[in-house]
Amino acid sequence: MSAYWLIKSEPESYSIDDLKRDKKTPWSGVRNFQARNFMRDQMEIGDLALFYHSSVSPPGIAGIAKVASAPYPDPTQFDTKSPYYDPRASKGNPIWFLVDFSFVKKFKRLIPLQELKDSKLFADMVVTQKGSRLSIQPVAQKHFGKIVTLAS
DNA sequence: GCCAACGTTGGC
DNA sequence: GCCAACGTTGGC
């Protein structure tokens, strides 16, 4: 049973255009247990995700990505030179897991967060909740479909 | 740049 | 196991 997701990224560090160029990327650097658990335990190859641009003006949904690998340990946790290095982790006992995402499409227009907040349709979406900062979230199929409609 | 919200850490 | 202190996220 495939599911839908929302993944946040600061476009200054990695944007939908970067994913379009790279075709595929490991979603490294996630250091939140809830977000990790979604990748490690629930994502399946082929699941679609809304690609969300955060910490920019305006924040919003920029396009669609697709889960392109099974979960595996995030290599940056072992890299002492990486900002995501975690001394508690070892190869035999990794803490952080990720999946690869591949490019699906960039929306013709960014769907601003404010537009979702203004609409009753998205009142129960995680991303529209006050103080919601989870960087990987499940998305209901109905919401996913409505956002695709808004974008086209 | 501010600050509310929230997750994590660590002392007890 | 509680909870205060601290750090981070991310909208504004």
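Order of the sequence lines fixes the chain letters, A, B, ..., with proteins taken first and strands second; residue numbering starts at 1 for each chain.
Rounded to a whole Å, the OH atom of A:Y84 is 12 Å from the C1' atom of C:dT9. A straight line from CG of A:L6 to P of C:dG10 spans 10 Å, rounded to a whole angstrom. Here C:dT9 presents its P atom at 10 Å from CG of A:N32, a figure rounded to the nearest Å. Spacing between atom CG of A:L110 and atom P of C:dG11 amounts to 11 Å, rounded to whole angstrom units. Rounded to whole Å, atom P of C:dT9 lies 15 Å from atom CD of A:Q34. Distance, A:I7 CD1 to C:dT9 P: 17 Å, rounded to whole Å. Atoms NZ (A:K130) and P (C:dC12) sit 11 Å apart, rounded to a whole Å.
Within 6.0 Å of the NZ atom in A:K146, the count of heavy atoms belonging to other residues, nucleotides or ligands exceeds 12.
A donor-acceptor distance shorter than 3.5 angstrom exists from the side chain of A:Q137 to the backbone of A:V127, with no hydrogens or angles considered.
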Atom pairs under 3.5 Å: protein N/O with N/O of nucleotides 2-8 of chain C:
| from | atom 1 | to | atom 2 | distance (Å) |
| --- | --- | --- | --- | --- |
| C:dT8 | O2 | A:R133 | NH1 | 2.7 |

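A salt bridge does not link A:D74 to A:R36: none of the charged nitrogens lies less than 4.0 Å from a carboxylate oxygen.
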Checklist entry - Checking salt bridge (Lys or Arg N to Asp or Glu O under 4.0 Å) for the pair A:D18/A:R21: CA distance, chi angles, key distance, verdict? => result CA-CA 5 Å; A:D18 294 321; A:R21 180 199 62 218; 3.1 Å; yes
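Looking at every heavy atom in both residues, A:I95 comes nearest to A:Q77 through N-OE1, 2.9 Å.
For the pair A:Y52 and C:dG11, the criterion of a side-chain N or O lying under 4.0 Å from OP1 or OP2 is met. Proximity of A:R31 to the phosphate of B:dT9: no side-chain N or O atom is located under 4.0 Å from OP1 or OP2. The side chain of A:K117 contributes an N or O atom lying less than 4.0 Å from OP1 or OP2 of C:dC12.
Think of A:F101 as one node in a network of Ile, Leu, Val, Met, Phe, Trp and Tyr side chains linked at under 4.5 Å; its network also takes in A:W5, A:I7, A:Y14, A:I16, A:L19, A:W27, A:V30, A:F38, A:M39, A:M43, A:F51, A:V67, A:Y72, A:L98, A:V99, A:F103, A:L134, A:I136.
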